[in-house]
Amino acid sequence: MSSVDVELNTPQAEAVAHVNGPLLVFAGAGSGKTRVITYRVANLIARERIAPYRILAVTFTNKAAGEMKHRLTGLAGEDVVRDLWVGTFHATCARLLRRHGEAIGLTRNFLIYDTQDQKAVVTRVLRELDLDERRYPPRSVLYQIHKEKQEGRGPDEMSPESYVDDAVIKVFRRYEAHMREANAVDFEDLIGHMVRLLEREGEGDAIRRRFSHVLVDEFQDTNAMQYRLVRALVRDHNNICVVGDDDQSIYRWRGADVRNIRYFRRDFPGATVVKLEQNYRSTGNIVRAALGVIAPSPHREPKELWTQNDNGPPIEVMAAADERDEAAFVTGRVLDARKAGASLREIAVFYRVHAQSRVLEEALRIANLPYQIVGGTKFYERAEVKDALAYLRLLANPRSDVDLLRIINTPARGIGTTTVDRLVSFAGSRNQSIHEALEVIDEARDIAAAAQKRLAALRHLLERLRARVEIASPSDVFLEMIEQTGYREALRADNTAESDARLENLAELGGSIREYEASAAAAGEKASLDGFLESVSLQSDIDGLRDEPRVTLMTVHGAKGLEFEYVFLTGMEEDMFPYKSMDERGDEELEEERRLAYVALTRARRHLVLTHTQARQIFGKTRWGAPSRFLRDLPREAIVHKQTRGAKSVPQRFIDRPERPLAPAPWAAASRGGWGAPSAPPAPARPAPSQTPGQRYVDREFFQDDHGGESAPLRRGSRVRHQQFGEGEVRSVVHAAEPAVVAFFPGWGEKKILTRFLRPA
DNA sequence: TCTTTGTAATTTTTT
DNA sequence: ATTACAAAGA
């Protein structure tokens, strides 16, 4: 046995040792997923002698990709990691498309438009088509376009069964034309073009042949096109390993389709399936609580998280009077934790929506507790940074109209909306990009001579700078740009606190360009403006913030993949969590809320506190909320109910889980200021699996023991007999939903077994 | 062209 | 409560 094997449990080792053919790994929360992925890759290289450059590992975020590279560097060394293909879906596609994209009409230096750019294109198209922006909000039109693209449909293939407004189709068509004209792609295009390329003879084969082993992390988050991409990529060899957890699928609203992981077995016949169910992260109470919340979820792949860890302290469910009371309570507990020696780094406060953060922030500030909010306005979304980047992109790719229009009068240079409108229609009438139109601006009759002059001056300015791109380093070009365009001077003249902050942000951008140059040099590549822009457009935020310990505030979505010693989950009221939006909440959405709650609970290592309020101000209105239905799914023995001094006590009916689906009666009694909840329906009782024969997956084992079957008094050292494994010895007792132990069977190794499958030996 | 005022919207987020 | 964004005024 090598040292590698010793560090892995049985299913982990199985996943690591697997080499060829499809492999599906269900990775429960805290089950050592990253370890399995990295060891598996290391194993392919070291033992199976697969060349690193033939292995592709795909993630969803740059952070996850970075983490994977980091961990692999420790295992396999820098040289190996440099040759591996590790990246997000989008970054990987961009990289391949720059090399092979000519075949489908992409030039090497295409731009990637982010959401804001895309929206600007839509807005422009709406105006061109003279459509009312109130009737067709750009945001929602863009959303509809993306929905189609995520399913791989263009304007001409939009699904006829789903009624779509004719106007949207028109906008879609022109949107695509504009993107082509600007030599730009959106995020969906990166995937879509790649699929098209892969499905072609020649180029497709070449790309397919590149990779002999493909791995996809967080597979439950893939959408239809990403799934198609993966299938096309591994068509020849089926050496595909996907890792994920259907219980943690929380991105349905952005196109993710859990069925990709649930139907993997069907689509890749003969797939090996491994389930990582041992949780190394959390206490027994937390694991059981999480199981209680996720168990009622229908269709889930049967799996049972368990842990050998001790039970730990009980989970607290705290009732507060309102959101200020709640925030004060959380702050007090954070202070206690710090007094007890916890680092603020180990403490997180979660909420369902960002709007909840303000009150928490205020309370923490009063208590002088440093905090950081994850997911506020991102660095690269600040106006000044976007402006500067627009200039840089325009230097790299003159045809980018969105960028040109963004900066055409920034800083103010006397080019107003009238001039811009005329310029746009002038370019449109000649079927040219605006940049091309600028070259012949003197032919534009409607544009006043003075305005023509200013436009020409802008053109010359851009040309001067563009000439420098060939010669100077990206960071020098950047400095010359903010100087010569007058951008910096305009901010300096402003001389307000805000303009100071903006100047600082520009300095930081300059710093990140230099950082890019350094990393390019380290990788032996030439730093180019194109290269920098690419790294920016596929990277969302700068996380290299100062390392002072801080309390972390974030939405539950943002928490996925993280873990903390202390977790405070706030706003556990009906209509907050599960969240109630304007439109009707479908069953699917409710199930996603449930999974979201599961994700939240499983972030905590040892201390978990859930808070809910009687009344909450949100969006200027007061909501009276009953405790969340998810609270009643927590196993009673793992939790303790408390209330702050300001809160009234919680009626028992909000604590108990109803035996049978309730008649609506007890809920209907709303009393202002009490725990009335006119809008709160009774939580759906746990589905009785035996009564729903049509379901695909029924977790029978779990439910059968829900009535509390007597378990034999087993302890470490007890001798037991199992039908298949024979006689063995109990190594530890496990805290799972049902009594279980880990036992050692000679010839089989350690196995986790439900107690009811064991007989005393 | 720039500033002010009014109005509507407001889950979750990556790339 | 807050904010973003568009139309109207200086």
Side-chain angles (χ1 to χ4, degrees), chain A residues 58-65 87-95 112-120 123 127 132-134 137-140 143 146 149-150 185-192 194 218 221-223 225-226 249-256 323 350-359 362 374-378 380-381 383 409-420 450-451 454 534-541 554-561 571 575-583 585 589-590 592-593 595-597 599-600 616-622:
Chain A
V58 186
T59 63
F60 271 87
T61 64
N62 289 299
K63 206 173 144 206
T88 62
F89 267 102
H90 301 272
T92 305
C93 288
R95 200 172 152 194
I112 301 164
Y113 275 10
D114 67 16
T115 315
Q116 281 182 41
D117 302 330
Q118 294 158 19
K119 215 172 112 198
T123 308
R127 285 182 190 160
D132 182 8
E133 284 170 50
R134 265 201 289 250
R139 235 191 76 166
S140 99
Y143 174 76
H146 278 108
K149 294 185 81 164
Q150 275 169 3
V185 300
D186 60 27
F187 296 121
E188 268 70 42
D189 288 331
L190 286 170
I191 313 289
M194 197 63 221
E218 303 282 15
D221 289 341
T222 49
N223 66 29
M225 283 303 275
Q226 288 159 343
S249 163
I250 55 173
Y251 287 117
R252 203 181 83 97
W253 47 274
R254 69 181 194 209
E323 74 277 5
F350 299 160
Y351 34 79
R352 179 65 182 78
V353 297
H354 278 302
Q356 291 170 253
S357 73
R358 172 162 275 104
V359 183
E362 278 164 13
V374 175
T377 313
K378 308 235 165 54
Y380 284 112
E381 283 165 15
N409 197 36
T410 313
R413 49 171 72 90
I415 303 172
T417 40
T418 320
T419 308
V420 172
R454 293 187 204 115
E534 166 111 6
S535 75
V536 165
S537 59
L538 292 177
Q539 185 162 279
S540 55
D541 55 342
M554 59 181 150
T555 64
V556 179
H557 282 90
K560 195 174 140 197
D575 296 352
M576 280 305 286
F577 200 172
Y579 190 82
K580 174 147 180 184
S581 58
M582 302 276 285
D583 35 276
R585 211 177 19 190
E589 277 158 71
L590 186 61
E592 184 143 312
E593 296 285 321
R595 295 192 293 263
L596 195 53
V599 168
R616 177 182 301 274
Q617 291 259 343
I618 188 114
F619 303 133
K621 287 206 187 77
T622 303

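Any value given below was found using the heavy atoms of this structure, including those in side chains, with hydrogens, waters and symmetry copies removed. Remember, it's a predicted structure, so these values are computed and weren't measured experimentally.
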- request: Would you state whether a donor and an acceptor, one from the side chain of Thr115(A) and one from the base of dT15(B), lie under 3.5 Å apart?
  value: yes
For atom CH2 of Trp253(A) and atom C1' of dT12(B), their distance in whole Å: 4 Å
task: Looking only at side-chain atoms of Arg358(A), point me to the closest of dT15(B), dC5(C), dT2(C).
output: dT2(C)
- request: Would you mind telling me which of dC5(C), dT15(B), dC2(B) lies closest to the side-chain atoms of Asn409(A)?
  value: dC2(B)
task: Using the P atom on both, measure dC5(C) against dT12(B) and round to a whole Å.
output: 16 Å
Nearest atoms (heavy-atom pairs only) where Leu596(A) meets Val556(A): O-CG1, 3.5 Å
message: Taking the minimum atom-to-atom distance to the side chain of Arg127(A), which one of dT13(B), dT14(B), dA6(C) wins?
response: dA6(C)
query: For Arg352(A) and Arg413(A), take the nucleotide of DNA chain B holding the closest heavy atom to each; which residue's nucleotide lies nearer the 5' end?
result: Arg413(A)
message: Taking the minimum atom-to-atom distance to the side chain of Glu589(A), which one of dT3(C), dT11(B), dT10(B) wins?
response: dT11(B)
- prompt: CZ of Phe89(A) to CG of Asp221(A): how many Å apart, nearest 0.5 Å?
  reply: 9.5 Å
- prompt: Under 4.0 Å: is that the gap between some side-chain N or O of His354(A) and OP1 or OP2 of dT2(C)?
  reply: no
dT12(B) base stacked by Tyr251(A) (centroids within less than 5.5 Å, tilt under 30°): no
- prompt: For the residue pair His557(A) and Tyr251(A), does the interplanar ring angle fall in the parallel (under 30°), tilted (30 to 60°) or perpendicular (over 60°) class?
  reply: tilted
message: Please report the distance, rounded to the nearest Å, between CG in Leu590(A) and C1' in dT12(B).
response: 15 Å
statement: On a heavy-atom basis, the closest approach of Glu323(A) and Arg616(A) is OE1-CA, 3.3 Å
statement: Regarding the side chain of His557(A), the nearest nucleotide among dT13(B), dT2(C), dC5(C) is dT13(B)
query: Can you tell me if the side-chain N/O atoms of Asn62(A) get under 4.0 Å from OP1 or OP2 in dT14(B)?
result: no
query: Does dT13(B) have OP1 or OP2 sitting under 4.0 Å from an N or O in the side chain of Thr555(A)?
result: yes
